[in-house]
Amino acid sequence: MNTPLEQLTSAIKAGKRKDAKSATQAALDAAIPPAQILAALGEGMADVGRRFKANEVFVPEVLVAARAMQNSMDLLEPVLIEAGIQPAHTFLICTVEGDLHDIGKNLVAMMIKGANFKVVDLGTNVAPDVLIEAVEAHRADIIGLSALLTTTMPAMREAVARIRERGLKVKIMVGGAPITEGFAHEIGADGYAPDAGSAVELALRLVEAA
Amino acid sequence: MKSKERVRAVIDHRETDRLPIDFGSSFITGIHCSVVEGLRRHFGLEPRPVRVCEPYQMLGEVEPDLLDALGLDVQPIFPQRTIFGFPNENWKPWTTPWGQHVVVSEHFHTYTSVEGDTYIHPKGDRSAPPSGHMPKTGYFFDTIERMDADFDEDDLKVADNLEEFGLMSDGEAAYWRSQAELYRDCDRAISVHLNGTCLGDIALVPAPFLTHPKGVRGVAQWYMTVASEPEFVMELFDRQTEIALENMARLHAIAGDVIDVVVVCGTDFGTQASLFCGVPSVREIWLPRYKRINDWIHRNTAWRTFKHSCGAIEPLIEAFIDSGFDILNPVQCSAAGMDPKELKAKYGDRITFWGGGVNTQETLPFGTPGQVRAEVLERCEIFAPGGGFVFNAIHNVQALTPIENVVAMIEAVDEFNGGR
Ligand code: B1M
């Protein structure tokens, strides 16, 4: 018989939301420390991220895994708060102004959340003013910008310029289909990630370096 | 050789007097209305506002004078209704957020929010919540996900997601009769979008043409349904296919002899780096339905069938061939694993590439005319031999593409065709 934590990890890997929920409840009922439950969740998501990067699973599988994670988090979050366990870092994410593609942005957000960041998702088509306000309000450590269109690459450049102008001490990472390492460097971002798995690694590196 | 014969010949893998070119024959091989205006100006055509033939992506109609100026080989017959569910009729002026004066259907009803974003109503029905949204700095609409409050993901109903698929109405039949009349003697190849054969196209899942959609209508929700409820998806596709087969028979009876190419499905299976769905899932969920559609067409008509999928879909091309597709578009060579030489060598004698002519993520919008020319010539050298290639960019030519680059692209195809 598997332990509730093993069950939780495998429910996340398989994207089974009901199993994730019952395993989380069982773990809580067994008085397993919430930090351990969180770690089991993270392990499941990290595995999904690895298999996604290796083209073994695809967008639908990542989405169901993230949904299962959310179902588990709904039960776990109040307990974590009570225990005073909080994510150490805040990650703000959005798709830039003029762009409404959000599948990639959402995947990145889910994986980052799976790595135990507090994620604030500002949605799509986000203007620089809104962004700046949110960085200040949430005291974000990292801001992630996504763009999928060549017509919105200028908006990404503009967003980075405005954040820098404002002198905010926040790391900026960028990604999306037409974005390259070179473009990221050119517009003054702190990093570029080609996929959601790499985005997690980059985010962890950026907060460590800070 | 007439355009019609030329297009049919290359699809059947025969080399022709020159390479056929398409711009504007479908909603995935078109040109943004701002670029159509620039081209009309460049060629000194009658200055008149561009017609927005496809309001979602804001594509401009490539009217006969521009078809001639560009030397294009394919003429569309558009569906009676646009993606927002209204017919394109009684054109009226509209000014776009970027200040272009265009003409749109009289049923194109929008409002602007305080933030300056534009919202459009389905079916031209102002009382229905908007189904499309254009950011103030955007150049296209995107669909709005309108979720049904009663939706229960543990109780999915196929009928909810079938609402948009019905049999051809009398009005639609009359429309097709008049269009067939209009284009029966056209020298250009005729391309049409089939109604109801798109299986799970993510642009259509939110049903921007319906006033109050029910069922699975969210983008992420749809992908999750594919992963967790494949039986539901297969049943939906089966029902959809049955309706589509009936409609194809009706269309064939009315306009079968006029049509050359049918766009069957625009579902995107690729992302920039990978697939949306694994090969086994596509083979199980999509292939048998595609095959039914393609087999019917090949048994009963002289049409050639067209499959669109963006992205890095090399691992799926074999499945598309097994599904019976004749044509693949847009051949996104800028995505992972989509090397033109390898594609041509591996699949070039079994499927026609309609697209792939120039990179629309880099070269066409950001390159110099010289770079555009070089890339277009190279792609033509790779894809043209032995037929099986219709020149088109990769997907629609987007807003903000320099006109001199579009002209350089067309001139390069002419140069390639020179001497032939
Ligand atoms: C913060 O740090 C980071 C780090 C990493 C980051 C990151 C941020 N953001 C992303 N990443 C990275 O991690 C993610 C996960 O690994 C990855 O994210 P991706 O987003 O790349 O990957 C996702 C998981 C899956 N990939 C996707 O979701 C994009 C796939 C493709 C097929 C695509 C889709 C699905 C859609 N589209 Co659109 N669409 C295409 C795409 C083709 C392609 N080659 O990418 C592209 C991007 N679309 C394009 C276009 C033009 C358009 N689309 C449009 C609409 C749509 C749909 C609605 C149909 C749908 C989007 C649904 C939605 N809600 O997002 C229209 C515009 C809408 C708008 N106003 O924004 C429209 C204008 C319509 C048109 N085709 O003419 C093209 C852009 C061309 C260009 N010149 O830029 C396009 C490349 C297709 C093509 N072959 O031409 C990485 O990039």
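Chain letters run A, B, ... following the sequence lines, proteins first, then strands; residues in each count from 1.
Taken to the nearest 0.5 Å, the OG atom of B:S281 stands 8.0 Å off from the CZ atom of A:F58. Atom SG in B:C277 sits 7.0 Å away from atom CD in A:E61 (nearest 0.5 Å). The OG1 atom of A:T151 sits 10.5 Å away from atom CH2 of B:W98, with the distance rounded to the nearest 0.5 Å. In this structure, the separation between CG on A:D99 and OH on B:Y139 is 12.5 Å, given to the nearest 0.5 Å. Atom-to-atom distance recorded for B:Q361:CD and A:L148:CG is 9.0 Å, nearest 0.5 angstrom. The CG atom of B:D154 lies 3.5 Å from the NZ atom of A:K18; values are rounded to the nearest 0.5 Å.
Taking B:E115, B:H133, B:E362, B:K136 one by one and counting their heavy-atom pairs under 4.5 Å with chain A, the maximum is reached by B:H133. Put simply, of B:M134, B:Q272, B:Q398, B:M224, the one with the most heavy-atom pairs under 4.5 Å next to chain A is B:M224. Comparing B:A227, B:S228, B:G138 by heavy-atom pairs within less than 4.5 Å of chain A, the highest count is held by B:A227.
Only the backbone of B:T360 comes within contact range of chain A, with heavy atoms under 4.5 Å apart. For A:L100, the parts sitting under 4.5 Å from any heavy atom of chain B are the backbone and the side chain alike.
Within 6.0 Å of the CD atom in B:E404, the count of heavy atoms belonging to other residues, nucleotides or ligands exceeds 12. By the 6.0 Å contact criterion, CD on A:E77 is enclosed, its count of non-hydrogen atoms from other residues, nucleotides or ligands being greater than 12. In the displayed structure, A:R164 atom CZ is contacted under 6.0 Å by more than 12 heavy atoms of other residues, nucleotides or ligands.
At a threshold of 4.5 Å between non-hydrogen side-chain atoms, the residues B:Y223 and A:V64 do not count as touching. Side-chain contact check for B:Q221 versus A:R67: every heavy-atom pair is 4.5 Å or farther apart. The shortest side-chain heavy-atom distance between B:V219 and A:I103 falls under the 4.5 Å cut-off.
A:N125 and B:D117 are linked by a side-chain donor-acceptor pair at a separation below 3.5 angstrom, with hydrogens and angles left out of the test.
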